[in-house]
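Here is the structure we will look at.
Computed from heavy atoms alone, side chains included, the values below leave out hydrogens, waters and symmetry copies. Atoms within a ligand are numbered from 1 in the order they appear, just like the ligands themselves. Index from 1, following the sequence.
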Amino acid sequence: MSKPILIRGGTLVTADHERRGDVLIQDGLITAVSNEDELDAPAGARVIDAGGAYVMPGGIDPHTHMELPFMGTVASEDFFTGTSAAAAGGTTMAIDFVIPSPQEPLLDAYTKWRGWAEKAACDYSFHVAVTWWDDSVHADMGTLSTKHGVNSFKHFMAYKGAIMCDDEVLVNSFSRAGELGAICTVHAENGELVFALQNRVFESGISGPEGHPLSRPPEVEGEAANRAIRIAEVLGVPLYLVHTSCIDALEAVTRARLEGQRVYAEVLAQHLVIDDSVYRDGDWDRAAHHVMSPPFRPKHHQQALWAGLASGMLQTTATDHCCFCTPQKRMGVEDFRKIPNGTNGIEDRMAVLWHHGVRSGKLTPSEFVAVTSTNAAKIFNIYPRKGSLDVGADADIVVWDPAKHRTISAATHHQNIDFSIYEGMQVVGNPAYTLSRGRVVYDNGQLNTERGTGRYVDRPCHAPYWAAQRLRNETAEALATPVARKRPTPEEG
Ligand code: URQ
Ligand code: ZN
Ligand code: ZN
């Protein structure tokens, strides 16, 4: 058990407010929070001087893919190296994905991923993807939600021929999730359009990474986002769009939210600051490094995404951390359709958002905490255990030095990948200390993570009230007042 820690003299920042204060940590939990200098350090405690720094809930990255088997290879980042890199960047929890192959029992895949994640150095949880449907999937969703703390089910509307869901699977799975009080998340790109456009682009003679964005324009994401939103609306279930990357999808989210539909949406840090010029880079490798889906967009989408984040239309930020090293990316050297999709980012999300968001005035420190930690904790029902500085919460804390400079580079990062999509980016504002359940896992530049010290975090389902009452009320009314209808006689028929 780690020794008590007193974090003294900092500015405590939660999603609600900022104040000068001290935080006492014992046995992995926050045991006291006070105004400045009101707490004494227990005997043997370590005292961390947070003067000039912010003390915030550790980041929660709601979208990662450690050691994901995908497109004929396996992501290079594993659960130990990935959660260690997270800690170096101020993130103390990752929500990763169990992605069953079609026909693979969900419970089997879940057990497999749980085994892989035992090496994690920070806490983690899993969204479970529904990639096919039959009665066993219906049953496994129930078991996962009632016995294994899974309250979110993922649906890929892209990746035809692999893990793509058609509307029948979406309707079946969304309905089941609604019964369970679980939330449906979607990768919203129209996979049929992507497939058709990929072939057209390739057959037109474009085989390089520049073909990737041409095959998945914003309209392809906007259509799928709207379709998923409408299906969720009719079925009365809450929806969470991952990696919202463009105006077309953001507009669909905004319309739904303004009409009171329970739709949440995530934006990736990289989509806020990197544009599609990276694909027109003369260097094949560098362009391929940026092949991910949805792709990087023309620059004007970034302003809308920042506005969506600042206005609350987008609630969370993530990284979709899914690492493939250069030799893996080169699997597509003859054909962009074979370049494994994914990029790095788990170590850099917080600093990128602080530098480009808070220092630029787009976000206040409290809004930064909301979009990097608290909102994800609330949506996925682990607040205030996670995402808060409440007494009794897990001591997942980052002591943030707003003046600390860093030049992001693969030469110095902790991520297990041989490039960085942020290579050379200078960011001001970085972690000084990161604590994972009271253990100082990042200590002023020194990473102190240990394999297997991360814990799986159960996420209980929300109450069924999450399902839109409108659907149930209308249905209930209809069932309560059957229409007296004179049926036509067979002769009339
Ligand atoms: O689509 C995803 O979220 C996974 C497969 C990571 N790759 C990506 O390009 N986003
Ligand atoms: Zn995705
Ligand atoms: Zn993903």
Side-chain angles (χ1 to χ4, degrees), residues 61-77 79 82 94-102 109 113 124-131 152-165 170 184-191 194-195 198 209 211-213 215-216 218 220-221 224-225 228 239-246 249 265-272 274 276 278-279 287-297 316-325 328-329 331-332 336-346 349 376 380 415 417 419 421:
D61 188 338
H63 190 157
T64 63
H65 298 281
M66 309 300 177
E67 50 195 295
L68 173 70
F70 189 56
M71 294 181 71
T73 185
V74 178
S76 56
E77 191 85 89
F79 280 94
I95 307 182
D96 207 282
F97 291 81
V98 172
I99 306 180
S101 302
W113 253 269
Y124 58 92
S125 193
F126 286 112
H127 310 286
V128 176
V130 175
T131 55
S152 50
F153 291 98
K154 173 74 175 292
H155 307 78
F156 291 93
M157 299 170 77
Y159 306 125
K160 176 181 172 71
I163 53 178
M164 184 176 99
C165 289
L170 293 180
C184 305
T185 82
V186 291
H187 171 132
E189 287 183 296
N190 182 311
V194 169
F195 182 72
Q198 281 182 324
H212 180 70
S215 64
R216 339 173 69 100
V220 164
E221 183 181 344
L239 185 72
Y240 178 99
L241 264 75
V242 305
H243 47 47
T244 307
S245 79
C246 61
E266 165 195 288
V267 60
L268 304 184
Q270 57 265 42
H271 281 139
L272 289 165
I274 298 172
D276 65 345
V278 294
Y279 298 118
H289 289 163
H290 291 82
V291 167
M292 68 162 293
S293 296
F296 293 98
R297 302 296 190 188
T316 63
T317 60
T319 64
D320 202 353
H321 187 78
C322 189
C323 293
F324 299 105
C325 294
Q328 292 174 290
K329 289 286 188 174
M331 290 166 65
F336 70 86
R337 298 169 298 185
K338 298 190 173 69
I339 301 173
N341 285 205
T343 61
N344 68 294
I346 199 166
R349 175 182 64 123
F380 296 111
Q415 298 158 118
I417 184 168
F419 67 86
I421 53 171

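- H127 contributes no side-chain N or O that, together with a main-chain N or O of V98, makes up a donor-acceptor pair within less than 3.5 Å.
- At least one donor-acceptor pair under 3.5 Å links the side chain of K329 to the backbone N or O of A288.
- Atoms of ligand 1 found under 4.0 Å from any heavy atom of M292 (numbered from 1 in listed order, with element): 9 (O), 10 (N).
- I421 contributes atom CD1, which lies 11.5 Å from atom NE2 of H289 (distance to the nearest 0.5 angstrom).
- Using a 4.0 Å cut-off to heavy atoms of G342, the atoms of ligand 1 that qualify are 7 (N), 9 (O).
- With Q328 contributing its side chain and C325 its backbone, the two residues share a donor-acceptor pair below 3.5 Å.
- Within ligand 1, the atoms closer than 4.0 Å to a non-hydrogen atom of C322 are 6 (C), numbered from 1 in the order shown.
- Nearest non-hydrogen protein atom to atom 4 (C) of ligand 1 is H65 NE2, 3.5 Å.
- By the 4.0 Å heavy-atom criterion, Y159 is counted among the residues contacting ligand 1.
- H321 places a side-chain N or O within 3.5 Å of a backbone atom of G345 that can act as its donor or acceptor partner.
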Stepwise ring-ring contact (aromatic ring centres under 6.0 Å, His included) check, F97 with F70: CA-CA 12 Å; F97 291 81; F70 189 56; over 10 Å; no
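- Among protein atoms, those of element N, O or S found less than 2.8 Å away from the Zn ion (ligand 2) are H187 ND1, H243 NE2.
- At least one N, O or S atom of H65, from either the backbone or the side chain, sits less than 2.8 Å from the Zn ion (ligand 3).
- Distances between N or O atoms of S293 and those of ligand 1 include at least one value under 3.5 Å.
- The minimum heavy-atom distance between P295 and H212, with the atom names listed, is CB-CD2, 3.8 Å.
- Partners of A265 according to the side-chain contact (heavy atoms from CB on, under 4.5 Å) rule, which considers only residues two or more places apart in sequence or in another chain, are L241, T244, V253, L314, Q315.
- Paired with K154 under the rule side-chain contact (heavy atoms from CB on, under 4.5 Å), one option of V242, I99, V186 passes, and it is V242.
- If you look at D320 next to ligand 1, the close heavy atoms, those under 4.0 Å, all belong to the side chain.
- Side-chain contact, T131 with Y159: no donor N or O sits under 3.5 Å from an acceptor N or O.
- Distance from atom 7 (N) of ligand 1 to its nearest protein heavy atom, with residue and atom name: N341 O, 3.1 Å.
- Within ligand 1, counting atoms from 1 as listed, the ones closer than 4.0 Å to a heavy atom of H63 are 3 (O).
- With hydrogens and angles disregarded, no donor-acceptor distance shorter than 3.5 Å links the side chain of H290 to the backbone of V278.
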